[in-house]
Amino acid sequence: MKSNKRITPKPQFKFQNILQRLLKEPILYSEFFELLKKASDSIYENPELEFELLISNGLPLDFQEDYLFLKTTKCSIFDQTFCIVDIETNGGSAKKGYQIIELGAVKYKNGEIIDKFDSLIFAKDIPPYVQEVTNITPKMLENAPRLEKVLKDFKVFLEDDVFVAHDIKFDYTFISDSFEKYNLGKLLNRKICTIDLAKRTIVSEKYGLSSLKEVLNIEVDNHHRAYYDALTTAIIFDNCLKNIDKNRIKTVEELIAFSKSDSIINNQQKKD
């Protein structure tokens, strides 16, 4: 007689399981490579090659004696370099054939902008509504570098810095998908959304870029141009860091966790 009991398949062991452990503790070097062999989503059978891929994709791994650890679990917020990014695109998804038409970024460390990245990107088509919002015209892109070159240059610029953006899901996913399209790997950088962080550190009715510019009296023109929006985001990020409890939030991973916590200002005000 057959049993009616449903058999639930065991969840596959994936790299995410390794990452979750690294967020809690360093892993012995030899054990880390054994775990990579078990991960069902590894690209290479050779764990040494897989490790090199993780590094090249921006995962901030480092060694301490015989252990591997995430640098962001030990690095203080003020010693960390954050790469604050914004893009303009001609559509909503790289997987649907759309592309980045402008990429801007600034590197921020301990209250200062230390580097910048700014490039238009050649594209054959810019829908009228995108031209209207961004003021980027096809004429402006005629002599701009191709997307693959800009992505390669940006990957070198980004390194393993923490990726920061206002609405992180869009920028991070679009760039990661674009990397994969040109066989440049995918993004594994640690990341922070300034919308999430602002909701926990800045009192405002709305948390869009325009609203926060007004609340914080940010005087940066050229809204909806990548570099200038990245610069605006950097100023918002700086304001957020000024408002955190520095006795409680010290490391980068503590900051990331705080940005996803339940400590939303508007929710707390409603309770009060």
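A salt bridge links K107 to E159: one of the charged nitrogens lies within less than 4.0 Å of a carboxylate oxygen.
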Stepwise side chain to side chain contact (heavy atoms under 4.5 Å, CB included) test for N189 and L59: CA-CA 5 Å; N189 298 66; L59 192 69; over 6 Å; no

Step-by-step ring-ring contact (aromatic ring centres under 6.0 Å, His included) determination, Y67 to F63: CA-CA 6 Å; Y67 287 85; F63 298 92; over 10 Å; no

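Under the 3.5 Å distance criterion, with hydrogens and angles disregarded, no donor-acceptor pair is assigned to the side chains of H166 and T233.
Ring planes of F157 and F117: tilted class, angle from 30 to 60°.
Open room surrounds NZ on K250; 12 or fewer heavy atoms of other groups in view lie less than 6.0 Å from it. Heavy atoms from other residues, nucleotides or ligands lying under 6.0 Å from CG of D66 number 12 at most. Within 6.0 Å of the OH atom in Y228, the count of heavy atoms belonging to other residues, nucleotides or ligands does not exceed 12.
The salt bridge (Lys or Arg N to Asp or Glu O under 4.0 Å) test applied to E180 returns no partner, not counting sequence neighbours.
Side-chain contact between D196 and I192 is absent, with no heavy atoms from C-beta onward closer than 4.5 Å. Proximity of I77 to I244: side-chain heavy atoms (C-beta onward) are separated by under 4.5 Å at one or more points. Two residues are said to be in side-chain contact when any heavy atoms from C-beta on lie closer than 4.5 Å; F258 and R200 meet this criterion. By the 4.5 Å heavy-atom criterion applied to side chains, I18 and L36 are counted as neighbours. A heavy-atom distance below 4.5 Å is not found between the side chains of K186 and F179.
The backbone N or O of Q80 lies less than 3.5 Å from no partner atom in the side chain of Y108, so there is not a single donor-acceptor pair. In this structure a side-chain-to-backbone donor-acceptor pair under 3.5 Å is missing from K213 to H223.
Note that K191 lies in the cation-pi zone of Y172, set by a 6.0 Å cut-off to the ring centre and a 45° limit from the axis.
When D62, D160, D79 are each tested for a salt bridge (charged side-chain N to carboxylate O under 4.0 Å, His left out) with K71, only one passes: D160.
In this structure, L53 is not a member of the same hydrophobic cluster as L35, with clusters built from ILVMFWY side-chain heavy atoms closer than 4.5 Å.
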